[in-house]
Number of protein chains: 2
Amino acid sequence: MKRKITLKQIARELEVSISTVSKALKDSDEISKDTKQKIQAFAKLYNYRPNNIALSLKNRRTKNIGVVIPDIVHHFFTTVFRGIEKYANERGYNVIVCVSDESYDKEVVNMELLANGSIDGFIMSVSAETQQKNDFHHLREVMDQGFPLVLFDRVIDEIECDKVVMNDEEIAYEATCKFLEEGKKKVALVTTESYFNVSEKRAEGYRRALVEQGADYDPKLTLVVPFRGGEESCIDAFFEEEEFDAVLCVNEVFAVQVMGIAQEKGYRVPEDISVIGFTNGLLSRYSSPTLTTIAQHGERMGEVAAEMLIEKLENEIGFEEEETYRTEIIEATLIERNSTGKKK
Amino acid sequence: MKRKITLKQIARELEVSISTVSKALKDSDEISKDTKQKIQAFAKLYNYRPNNIALSLKNRRTKNIGVVIPDIVHHFFTTVFRGIEKYANERGYNVIVCVSDESYDKEVVNMELLANGSIDGFIMSVSAETQQKNDFHHLREVMDQGFPLVLFDRVIDEIECDKVVMNDEEIAYEATCKFLEEGKKKVALVTTESYFNVSEKRAEGYRRALVEQGADYDPKLTLVVPFRGGEESCIDAFFEEEEFDAVLCVNEVFAVQVMGIAQEKGYRVPEDISVIGFTNGLLSRYSSPTLTTIAQHGERMGEVAAEMLIEKLENEIGFEEEETYRTEIIEATLIERNSTGKKK
DNA sequence: TTGTACGCGTTATCAA
DNA sequence: TTGATAACGCGTACAA
């Protein structure tokens, strides 16, 4: 077992000083050609690489990005993560992930840990519990300490920082319009509890479309599925109690469940009931019928988030300069498959 | 903006030496009660936390684990990752992820980078390209440098290290037997190219079951789907050319595609054709019919891998002790849903 | 009971 | 052209 070689060891071996070695390896012209060659050859032979930790300590930057997300077994988040990781790697950054598991406490603890020197900045999507509690002191804390923060998807209006969001409201509007164009009359919405602000925005777009297009907005046609469990029976009951001919779902799992239950009950999709879901994942592609879906372009979101963060990291602002924050909007797109009909 | 406070600053502020502060904060009894109280109160007020980087440098351990996987937008890998992250976090470790994207070069570069001080050990699943090239010098390299390595799922026989694998061969055997018990006669296999050694093992289990149970093993009933693209037409052609009444698929995407094409062609699942797939993901749960599947228990794999790694990290072996390696086997389980029939 | 000195690996500044 | 020194932040053996 050969431990990694250090400057000091090279110096001792070659009987020169540490600083000479350091300079030689940077090809400084303070050092004579001969010594440089000798040192460089030796370093190459022993495959010398500077120790990242020592560099981090010295430079006060780790070249690590902290990513805090609610869940990792989740198509959208992994997609975003892939975008982050790709862009960050290209720029020489590594990514440390922490999963909050939708828990406020974990989120806080993890971020504190990372903030003790492990990373240079954060990219995050806040946990459900955090949104519920409406307590964001941990975000303020890290920003106070000088860590750039980029929020994506589940962002917080009260926090001033860079953000990357989707045009949730508009795309929900578009999707709803699509149903109406198809000739559908009673469009339902299946959503999650509203402290997820993305759900709220999607619901707004849905409502606005109905009202503006002169269709009926009936609050009873909105089904709020509880956070964990019991979706199945919940949706089943919804079918029994209400009547509708189109359903917009805030995720693809709901959408596939809606299609399944509809078909069990003898409705045809899309002839009797059209369905659109958010999240263009595997389910959408392989369900029957295949699902018309809203692609969130998570990878792009990740790239943009990473780009914004790294820009902040590499352009540390001067004293008197005003800090400015941007909000980038990623345009979702509607992907038409077979769970919706043609325009009339 | 208030930067994190350091021992030095506390010392200056309180007009004591740095080491006094350090000791006081560890509640050392070398320090008088009074000074301890004073220092602790001050530290608490300013929310002092030791700098991880400095600790890493001093202790020569980072408390970071490097995870190298081929893909992150992938149900199985994220599942394993979740297990790793959970266990690691509980033990005070953070996780740095690198995605090789199935590329040999990326894998090599990423590992070298991490090995320059960023992490204490590796958990990885090798990329497809690496398996194809059969070049594992980068794994040997990091091990030589003293980094513990735990391989999972896609492991390498020639490399001696800790491993976590699934009982692929046996569970494929079991699944195949299940078809036979159902009364099926011609069992097909849909798999990927064989340099994925897990595919190879699954194929072996499939063959062994047919032979041992006295059914026919017909090589023509094995469909090897090419690495990227064209699955659809490939499977379609398979249906045209061969006859079978049961299909074992090495992943759930293939399985769902097989069911879809079968149903299009007028076969009933499971009456005419039974289907079982590996990977108990969303698709299996929401396909129609729901898919009988092999649960790989990825989260457990991740936990075990992390446990093995951390054990190695925390029990650095002495000089003369022999290094020993283990291979843990995670038992997959067959989850029966509606794409297979009852035992006869 | 407190403080000094050293080392972890590196780089930058200044002196020789 | 080379080397000594200090610094990044921390912990600890040893000296005072």
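Note on naming: letters A, B, ... go to the chains in the order of the sequence lines (proteins, then strands), and numbering restarts at 1 for each one.
Classified by interplanar angle (parallel below 30°, tilted 30° to 60°, perpendicular above 60°), the ring pair A:His74/A:Phe77 is tilted.
Put simply, CG on B:Asp29 is 12 Å from P on C:dT2, counting in whole angstrom units. Taking atom CG on A:Leu57 and atom C1' on C:dT11, their separation rounds to 11 Å, with Å as the unit. Distance, B:Lys58 NZ to C:dA5 C1': 12 Å, rounded to whole Å. Going from atom NZ of A:Lys26 over to atom P of C:dG9 covers 17 Å, rounded to whole Å. Straight-line distance from the CG atom of A:Leu25 to the P atom of C:dA12: 13 Å, rounded to whole Å. Residue A:Arg61 contributes atom CZ, which lies 15 Å from atom C1' of C:dT10 at whole-angstrom precision.
Within 6.0 Å of CD on B:Glu160 lie no more than 12 heavy atoms contributed by other residues, nucleotides or ligands.
Taking A:Tyr48 as the reference, nothing meets the ring pair (Phe, Tyr, Trp, His ring centres under 6.0 Å) condition, with sequence neighbours excluded. Here B:Tyr46 pairs with B:Phe42 under the ring pair (Phe, Tyr, Trp, His ring centres under 6.0 Å) rule; sequence neighbours left out. Evaluation of the ring pair (Phe, Tyr, Trp, His ring centres under 6.0 Å) rule for B:Tyr104 yields B:His138 as partners, not counting sequence neighbours. In this structure, the side chain to side chain donor-acceptor pair (under 3.5 Å) partners of A:Glu328, at least two apart in sequence or on a different chain, are A:Arg326. With sequence neighbours left out, B:Glu90 forms a salt bridge (charged side-chain N to carboxylate O under 4.0 Å, His left out) with no residue at all. Checked against side chain to side chain donor-acceptor pair (under 3.5 Å), B:Gln37 has no partners two or more places apart in sequence or in another chain.
Side chain to side chain, A:Asn116 and B:Lys4 meet the donor-acceptor criterion of an N or O pair below 3.5 Å. When only modelled atom types and interatomic distance are considered, A:Glu299 and A:Thr79 share no side-chain donor-acceptor pair under 3.5 Å.
Of the side-chain N and O atoms in B:Ser56, none sit less than 4.0 angstrom from OP1 or OP2 of C:dC8.
The stretch residues 4-13 of chain A touches DNA chain C through A:Thr6, A:Leu7, A:Lys8, each having a heavy atom under 4.0 angstrom from the strand. Within residues 33-53 of chain B, the residues approaching DNA chain C are B:Thr35, by heavy-atom distance under 4.0 Å. A heavy atom lying under 4.0 Å from DNA chain D marks the following residues of residues 15-24 of chain A, by number: A:Val16, A:Ser17, A:Ser19, A:Thr20, A:Lys23.
For the pair B:Leu149 and B:Ile159, the tightest heavy-atom approach, listed with the atom from each and the gap, is CD2-CG2, 4.5 Å. When all heavy atoms are compared, the tightest approach of B:Ala115 to B:Val142 is CB-CG1, 4.2 Å. Heavy-atom minimum distance, B:Met111 versus B:Phe122: O-CZ, 3.6 Å.
Residue pairs meeting the salt bridge (charged side-chain N to carboxylate O under 4.0 Å, His left out) criterion with at least one member in residues 32-45 of chain A, sequence neighbours excluded, are A:Asp27-A:Lys36.
Along DNA chain D, read 5' to 3', the first and last nucleotides having any atom under 4.0 Å from a heavy atom of chain A are D:dT1 to D:dG9.
When the C1' atoms of four end pairs are superposed on the next four at each end of the helix from C:dT1-D:dA16 to C:dA16-D:dT1, using five pairs per end, the two resulting axes differ in direction by 70°, to 10°.
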As a quick check of understanding, evaluate side chain to side chain contact (heavy atoms under 4.5 Å, CB included) for B:Thr20 and B:Ile39, giving each step before the final call.
CA-CA 9 Å; B:Thr20 305; B:Ile39 292 176; 4.0 Å; yes
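Atom CD of B:Gln132 is separated from atom OG of B:Ser127 by 9.0 Å, given to the nearest 0.5 angstrom.
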